[in-house]
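Start at 1 and go down the list; that is how both ligands and their atoms are numbered.
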Amino acid sequence: MTIVIPVRAASHPYDVAIGDGLIDDCATWIMPWLKRPQVTVVMDQTVADMQGPRLLQNLANGGISSRLIIVPPGEASKSFAGLSDLSDQLLALQLERSDVLIAFGGGVVGDLAGFAAAIYKRGIDFIQMPTTLLAQVDSSVGGKTAIDTPRGKNLIGAFHQPRLVLADLTVLNTLPDREMVCGYAEVIKYGLLGDRAFFDWLEANGAKVLSRDPDALAYAVRRCVEMKAAIVEVDERDSAGRALLNLGHTFGHAVEAETDFGEGLKHGEAVGLGCALAFRFSQRLGYCSGQDAERSARAIAAAGLPTRLSEIDGGPFAADALIRHMAQDKKASGGALTFVLTRAIGEAFVAHGVDPGRLRAFLLEEGAVQ
Ligand code: NAD
Ligand code: GLY
């Protein structure tokens with residue numbers, strides 16, 4: 001069964017289709033967006049090896065010719081150098097303004113190709129075909145596109161909504177287990193930030209999602225996309241409520257930065273740790289019960305995600321270094337620390353002007369050092 005969730009973004013509305021085997025029928029979905037029956041597809045080498053032939057064959061079967069651009073796998077492709085290479089290849093292929101780019105991959109390819117689409121000839125249409133759980137539940141929806149710089153992640157980018165998102169759950173069959181767990185961190189984040197009933201469901205069914213049970217996976221992806229669509233519809237350009245999607249990210253990004261964004265700690269793992277820390281910090285500040293903080297950490301740990309700083313290689317971490325990264329977070333304004341905190345499971349809120357002294361004391365309690 002295919003589920004279609006509309007995203008009524010202010011810039012333009014579009015659909016997110018979720019289902020098993022959508023790739024096999026992708027030409028039917030994509031053709032209406034084309035002025036000529038030709039697309040350019042960006043994917044990384046791993047996805048090209050594992051899923052590329054299936055996509056290209058199905059496009060051809062549906063009468064769409066494709067040109068392929070392969071980028072190296074990994075976060076390093078989301079850089080000025082990666083963007084320059086990709087833009088140069090688009091120019092060499094002489095893409096016209098009315099042509100359509102397809103991002104077939106995880107969040108790295110989606111963010112990079114989406115940003116290239118936003119700026120190529122001042123903007124062309126693109127379609128997201130997410131191939132990781134993280135990309136299906138989060139990065140392919142909502143139009144945030146970006147690259148990293150040595151000064152931080154996602155600092156150069158644009159809002160550029162896709163015309164269509166096609167999330168085929170069967171492509172997750174080749175995704176390594178560790179990447180499934182990383183995507184699951186974003187799944188559990190949705191329950192923690194705004195839907196206690198979904199969190200309850202994940203407590204009972206999380207293992208099924210991780211083992212790629214088709215029904216459990218379909219429900220989890222659907223619920224996350226519904227929640228993200230609702231948030232993006234109200235605050236497309238991230239000036240208010242969209243910040244809730246960053247639950248766990250302020251702590252998580254700081255630890256990622258201290259571990260040089262290396263393979264030892266992947267983004268999803270940092271988000272899992274960050275959510276556990278955000279709940280315990282909320283408890284410490286008197287917003288949230290210890291019971292909910294413990295329950296959220298138990299569910300995060302049950303998925304195989306870290307919940308304590310001591311579990312992360314590269315520590316112990318200096319509290320002041322972590323706070324410096326947190327002060328550079330995109331949510332910070334006027335020099336004040338901003339966090340997504342919680343009153344309970346499913347009741348996150350944005351807290352401005354968090355006291356650095358209380359944050360420092362909390363980090364020291366959590367095992368950070370002076
Ligand atoms: P990723 O794109 O690097 O993919 C992870 C790994 O899985 C890669 O090695 C890739 O080659 C491999 N892979 C992808 N699909 C596969 C498949 N079907 N089978 C086998 N291997 C496959 O990482 P990710 O976790 O998908 O995305 C992380 C990125 O997303 C980060 O850069 C993060 O900043 C960004 N992000 C963006 C948003 C947004 O709103 N734009 C939201 C969250 C995260
Ligand atoms: N992943 C955060 C956002 O889309 O706003």
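- A heavy-atom distance below 4.5 Å is found between the side chains of His267 and His253.
- An N or O contact shorter than 3.5 Å links Lys228 to ligand 2 by distance.
- Neither the backbone nor the side chain of Gln45 has any atom closer than 4.0 Å to an atom of ligand 1 (non-hydrogen atoms only).
- Looking at Lys35 and Asp99, no side-chain N of the basic residue comes within less than 4.0 Å of a carboxylate O on the acidic one, giving no salt bridge.
- Residue Thr145 has no N or O atom closer than 3.5 Å to an N or O atom of ligand 1.
- Here the heavy atom of the protein found nearest to atom 1 (N) of ligand 2 is Asp138 OD1, 3.2 Å.
- Inspection of the Ser11 and Glu236 side chains reveals an N or O donor paired with an N or O acceptor under 3.5 Å.
- At under 3.5 Å, not a single nitrogen or oxygen of His267, backbone or side chain, sits near a nitrogen or oxygen of ligand 1.
- Assignment of Leu172 to the shell around ligand 1 is not supported, since no heavy atom sits closer than 4.0 Å.
- Proximity of Val232 to ligand 2, defined as any heavy-atom pair under 4.0 Å, is not found for any part of the residue.
- Which parts of ligand 1 touch Lys153 is read off a 4.0 Å heavy-atom cut-off, strictly below it: atoms 31 (C), 32 (O), 33 (C), 34 (O).
- The shortest N/O to N/O separation between Thr131 and ligand 1 falls below 3.5 Å.
- Proximity of Val108 to ligand 1, defined as any heavy-atom pair under 4.0 Å, is shared by backbone and side chain alike.
- In the model, Asp235 has a side-chain atom that pairs as donor or acceptor with a side-chain atom of Ser239 under 3.5 Å.
- Counting only heavy atoms of the protein, atom 31 (C) of ligand 1 lies nearest to Glu75 OE1, 3.3 Å.
- Annotation for ligand 1: atoms under 4.0 Å from non-hydrogen atoms of Lys78 are 31 (C), 32 (O), 33 (C), 34 (O), 35 (C).
- Looking only at atom types and distance, the side chain of Asp85 has no donor-acceptor partner in the side chain of Gln89 under 3.5 Å away.
- In this structure, CG in Leu166 is found 8.0 Å from CD1 in Ile102, a value given to the nearest 0.5 Å.
- Below 4.0 Å from some heavy atom of Thr46 lie the following atoms of ligand 1, by number and element: 11 (O), 21 (N).
- Every salt bridge (Lys or Arg N to Asp or Glu O under 4.0 Å) that Glu75 has, sequence neighbours left out, goes to Lys78, Lys153.
- Ligand 1 has no atom lying under 4.0 Å from any heavy atom of Arg242.
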